[in-house]
Amino acid sequence: MEPLYKPQGVEERWQRTWEDEGLYNAEPGSGRETFVVAHPPPNVTGALHTGHALQISLADALVRWHRMRNFETAFLTGYDHAGISTQNAVEKHLVEQGTSREEVGRERFVEIVWDWLHEYGRTITAQFRRLGASMDYRRERFTMDDAYIRAVMRFFVHLYRKGWIYRANRIINWCPHHQTSLSDLELVHEEVDDALTYIRYPFVDEPESGVTIATARPATILADVAVAVGPGDERWSDAVGREVVVPFVERIVRVIEDERVDPEFGTGALKVTPGHDPLDFEIGRAHELPELTVIGPDGRMNEDAGELAGLTQAEAEERILAWLKERGLLVKREAYRHSIALCERCKSRIEPLISLQWWCAMDELKQPALAALRDRRVTYHPPSQHRYAIDSLENAPDWNISRQIWWGHQLPVWQCPDGHLTVEETEPGACAECGSTELTRSEDVLDTWFSSALWPFAILGWPDETPELEAWYPGSLNTTAREIIRLWENRMIFSGLELLGEIPFSDVIIHTTVLAADGRRMSKSLGTGLDPLELIDRHGADATRYGLLKLTSSQDVRFSEGAIEEGRKLANKLWNVSRLILTNVGDARPEQRPSALEERWIAWRLDQAQAQVDEQFAAFDFAPATSALYHVTFDDFCDWYAEAIKPRLYDGDEDAQATALANLERLLKLLHPVLPHVTEEIWSHLPARETRLIVAPWPEPLGVADAGAEFEPIQTAAEVFRRAGVRPQLQGEQQRIFDAVVRPDRAKADGGNVEAEAARLRGEIARAEGMLGNERFVANAPGDVVEAEREKLERYKRELDALGV
RNA sequence: GGGCGCGUAGCUCAGCGGGAGAGCGCCCGCUUCACACGCGGGAGGUCGCUGGUUCGAUCCCAGCCGCGCCCACCA
């Protein structure tokens, strides 16, 4: 064993060994209690980022902890086909090669995506391995595997037959680049400097007057079908009910009242364009207005735009503004900063368009999920996310599930020449209504999240009744980022309840968002991303895992490399104290013979640390657990215990050696869920080991002979040394405390420090006596608080006496 | 505009009703036979501001200031 622990090479060796020896494998049906994590499937074209690394570190620590505690653990993952995201990546690739999606055509494009995935995709689980994630990689699943496709089709048909999937013409978000609809959740918003244009719509019977509206998109006035004002708006009370002329197209429309109009904005009058604005669409439907369109799917003016057909919106706007100016209808134009919707993938400006799309009705589907959340059958950590999960589900609008992209699950919908629709899991022979055999399949594909929603059970083989489904559904835990709650968590919960009647997992960890060191969000486009693989290369996977767990918090947290360096130091410290013990134990075998007092003391400290770790893992409080592990290793095990037994180890004391080995084993076990590699490596150097550490049993607390009672009153480890009658190699503060307690005469020679300590104790005594002398405190404070104060007072007095001043 | 959260040592963060903490950084001293990725010592904080509750507040409540994230159809 070298003096410096080098994780490079060691970690990869153990990762291979664990996997080759089948120690990651999950098998259903052992009858043991199960711990199942259906880990979020990364995008098939994805690369490991900090969020993944954090999720893995959390989940794997819990999985390893449960595995050692004899649970049947199943840590499963795979890949998500990630519709638009993948299509976008491959399209970029095609453009680089001088071609395009349109040029190669749909069929060929899908082939290219598959080829591309085989070459460039599916690499991220290799990176999961590099972090030490103890997943059963044999069970990797892909959301476009044949079996998974069957699950998706089953879900669609199931919902369709219940009447919850339907087709409707509505206004949707249209990406002119991808030529598809997008859900609200697939958009990003960006502030832009724009102009707000005030335009007068003349009254039909009083052309010199009229209603002035404000719009950010003058080009859409060609599709105006009304002007709306707030109900009872006094400024416009004379206008309501009258007719005005829409400029340029010279269409006569009516002035209506609607409560959706914000009287604060602009002039309080709104031009109503149901074909090109979501709010106007709602107003239009409420007032049964026609739905005209003048902008096409390509984002340009369409054939209904008359002489402007074919122009870009900017060109059309220019022509319209010139026209308005000539006729004195352009009231004013002012600078206007507002946010616009963009496609999150290609950043194209979203075009609200009316389009025939497929929808999933949420009203009934979400009810059991809401009940499950309200009953805490699914528990969010931290609990503050619970209410958000409920609110977001309560307010979930009907879900637009169809997309017009090419990469994804094609809808199981077939149409005959007469327009009848047949919905079947697999291609039907004939139209269900007219028997026609000339069927064409819908070209739409499903929203990626429609298939993701099935992940926790589709990967277990649903809709078949497999042993895995039987044993591992419902699962235990899901870990994810905050913004995924609506996209994924809610949908897994309602689909699991709908299809299997049970929640997919009992706990959801919404993990900390790790921000870049400068406080900005980590993002590739900002250049603030951080490659976890680089951290692993430099500090090791163990240190990276430790650091990320240490950074978890109730709040978003800035990345700090110090946390990871702390992990590296811990690994090195552990390595070296192991060297100390292993090179001085001769033929000893690990065995607890805690005869000496410092041995009972360390057993007690290890018990305490384990109790903390058990409790904190169970509560998903990772940062304090890592802290406890750090301090029990550095402070208790290395600084005091190892120093105390050193002389006995050197002298060949067999009890000390056997016990030291046993205590080291125990420490390694406690650290393994967080630092799996270095602990397994040291474990392999221990004599008489029968199993790999990864599957070794989690230690039973020793509960050594009333250790708690024996040590509870002892505040300094120095007292342990005194009672043990050993004279370890001590320096500085340790030496001083030791001397003060063991040999007050000697400590007196070191006057200054003892005086300072005595002064501190006198201060404490005065404070405690003051509190206890306060009748209101004694009367009002809880009994145990008062009692604790009395004990402290006694202790301070004892310590002061011990100083002998 | 709504929701959640945060402002504690130079930095990153714990603590959340009775002693102001950790890691890193900084200063001083140590080539002590496990570890210089180490050991020992030390400096450094009116715990954002103002009120309130309490015998007592970094911790609870209210307001204010500053910051972050999520959500939202202000044309």
Side-chain angles (χ1 to χ4, degrees), chain A residues 1-5 171 184-185 189 196 213-217 220 228 260-262 264-266 269-273 276-283 336 338-339 341 352 382 384-385 387-388 391-392 395 481-483 485-486 513 515 517 519-521 539 543 547 550-551 553-563 565-584 623-624 627 630-631 634 638-639 642-643 646 649-650 729-736 753 760 763-764 767-768 770-771 774-782 785-786 788-789 792 796:
Chain A
M1 294 175 81
E2 297 293 316
L4 181 63
Y5 172 65
I171 196 150
D184 291 345
L185 307 178
H189 292 86
L196 193 61
I213 59 85
T215 179
R217 300 186 64 195
T220 63
R260 277 162 277 233
V261 178
D262 176 6
E264 304 293 314
F265 188 89
L270 168 73
K271 72 187 202 59
V272 181
T273 321
H276 297 296
D277 183 275
L279 177 69
D280 295 13
F281 177 82
E282 276 185 37
I283 295 174
Y336 180 48
H338 65 145
S339 77
S384 56
Q385 296 305 319
R387 212 182 94 205
Y388 171 67
D391 286 352
S392 66
N395 298 321
R482 237 184 345 249
E483 65 267 22
I485 291 175
R486 295 198 311 168
T513 304
L515 305 170
R520 288 187 296 168
R521 208 175 159 70
H539 304 297
K550 188 73 191 282
L551 286 173
S553 163
S554 59
Q555 57 175 316
D556 292 350
V557 88
R558 294 180 181 208
F559 178 76
S560 127
E561 195 142 342
E565 280 164 7
E566 191 178 313
R568 193 189 55 191
K569 287 186 179 181
L570 178 58
N572 191 244
K573 191 73 177 173
L574 184 66
W575 177 257
N576 274 295
V577 79
S578 302
R579 287 177 62 220
L580 168 71
I581 292 171
L582 288 171
T583 55
N584 286 290
S627 222
Y630 181 91
H631 288 292
F634 261 81
C638 295
D639 287 354
E643 292 299 337
K646 245 183 201 176
L649 285 185
Y650 294 154
Q729 302 167 358
L730 297 175
Q731 311 173 44
E733 181 66 8
Q734 285 182 335
Q735 182 71 63
R736 192 188 65 70
N753 282 333
R760 185 186 72 86
E764 296 291 3
R767 184 187 59 79
M771 281 173 64
N774 183 328
E775 283 174 27
R776 285 205 275 182
F777 166 70
V778 177
N780 298 328
V785 171
V786 178
E789 211 51 49
K792 280 187 201 169
Y796 296 140

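Chain identifiers are assigned alphabetically (A, B, ...) following the order of the sequence lines, protein sequences preceding nucleic acid strands; residue numbering begins at 1 within each chain. Every heavy atom of this structure was used, including side-chain atoms; hydrogens, water molecules and symmetry mates were not.
Of the candidates B:rC37, B:rG40, B:rA75, the closest approach to any side-chain atom of A:Arg568 belongs to B:rC37. Of the candidate nucleotides B:rA75, B:rC35, B:rA34, B:rA34 has the atom nearest to the side chain of A:Val577.
Computed from coordinates, the A:Asp262 CG to B:rC74 P distance equals 11 Å when rounded to whole Å. Rounded to an integer number of Å, the gap from CD1 of A:Ile485 to P of B:rG3 is 17 Å. The CG atom of A:Leu574 sits 14 Å away from the C1' atom of B:rC37 (whole-angstrom rounding). Between A:Asn576 atom CG and B:rU32 atom C1' the separation is 15 Å, expressed in whole Å. Regarding A:Ile213, its CD1 atom lies at a distance of 13 Å from the P atom of B:rA75, rounded to whole Å. In this structure, A:Ile171 places its CD1 atom 14 Å from P of B:rA75, rounding to the nearest Å. The nearest whole Å value for the distance from the CD atom in A:Glu2 to the C1' atom in B:rC37 is 15 Å.
The ring pair (Phe, Tyr, Trp, His ring centres under 6.0 Å) check on A:Tyr5 picks up A:Trp575, with sequence neighbours excluded. Checked against side chain to side chain donor-acceptor pair (under 3.5 Å), A:Ser392 has the following partners two or more places apart in sequence or in another chain: A:Asn490. Checked against salt bridge (charged side-chain N to carboxylate O under 4.0 Å, His left out), A:Glu566 has the following partners two or more places apart in sequence or in another chain: A:Lys550. Residues satisfying the side chain to side chain donor-acceptor pair (under 3.5 Å) criterion with A:Arg486, sequence neighbours excluded, are absent altogether. Looking at residues two or more places apart in sequence or on another chain, you find a side chain to side chain donor-acceptor pair (under 3.5 Å) between A:His539 and A:Glu561, A:Arg568. Scanning for salt bridge (charged side-chain N to carboxylate O under 4.0 Å, His left out) contacts around A:Asp391 gives A:Arg387, with sequence neighbours left out. Partners of A:Ala623 by side-chain contact (heavy atoms from CB on, under 4.5 Å), not counting sequence neighbours, listed by chain and number: A:Thr552. With sequence neighbours left out, the side-chain contact (heavy atoms from CB on, under 4.5 Å) criterion links A:Gln385 to A:Tyr380, A:Pro382, A:Tyr388, A:Arg482, A:Ile485, A:Ile510. In terms of the side-chain contact (heavy atoms from CB on, under 4.5 Å) criterion, residue partners of A:Glu282 (sequence neighbours excluded) are, by chain and number, A:Arg260.
On the C1' atoms, B:rC47 is 12 Å away from B:rA14, given to the nearest whole Å. Rounded to a whole angstrom, the distance from the C1' atom of B:rA36 to that of B:rC30 is 10 Å. Between B:rC16 and B:rC61, the distance separating the two P atoms is 14 Å to the nearest Å. Comparing the same atom, P, in B:rG7 and in B:rU12 gives a spacing of 12 Å after rounding to whole Å.
A donor-acceptor contact under 3.5 Å is formed by the side chain of A:Glu643 with the base of B:rA34.
The residue A:Arg217 sits apart from the nucleic acid: no heavy atom pair falls under 4.0 Å.
Mapping A:Leu4 and A:Ala269 onto RNA chain B via the closest heavy atom, the residue that lands nearer the 5' end is A:Leu4.
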Listed pairs, N/O of protein and of nucleotides 22-26 of chain B, under 3.5 Å:
{"from": "B:rG23", "atom 1": "O4'", "to": "A:Glu566", "atom 2": "OE1", "distance (Å)": "3.4"}
{"from": "B:rG23", "atom 1": "O2'", "to": "A:Glu566", "atom 2": "OE1", "distance (Å)": "2.9"}
{"from": "B:rC24", "atom 1": "OP1", "to": "A:Lys569", "atom 2": "NZ", "distance (Å)": "3.2"}

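Note: A:Asn576 CG to A:Leu4 CG = 8.0 Å, rounded to the nearest 0.5 Å. Rounding to the nearest 0.5 angstrom, the gap separating the CG atom in A:Leu574 from the CZ atom in A:Phe634 is 9.5 Å.
Stem regions for RNA chain B, each three or more consecutive Watson-Crick or G-U pairs with both distances under 3.5 Å and listed by first number, read B:1-7 with B:65-71, B:10-13 with B:21-24, B:26-30 with B:38-42, B:48-52 with B:60-64.
Closest heavy-atom contact between A:Asp280 and A:Thr273: OD2-N, 2.7 Å.
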Whether each nucleotide of nucleotides 67-73 of chain B has a protein heavy atom under 4.0 Å at its base (B), only at its sugar-phosphate (S) or at neither (-) is summarised, 5' to 3', as --SSSSB
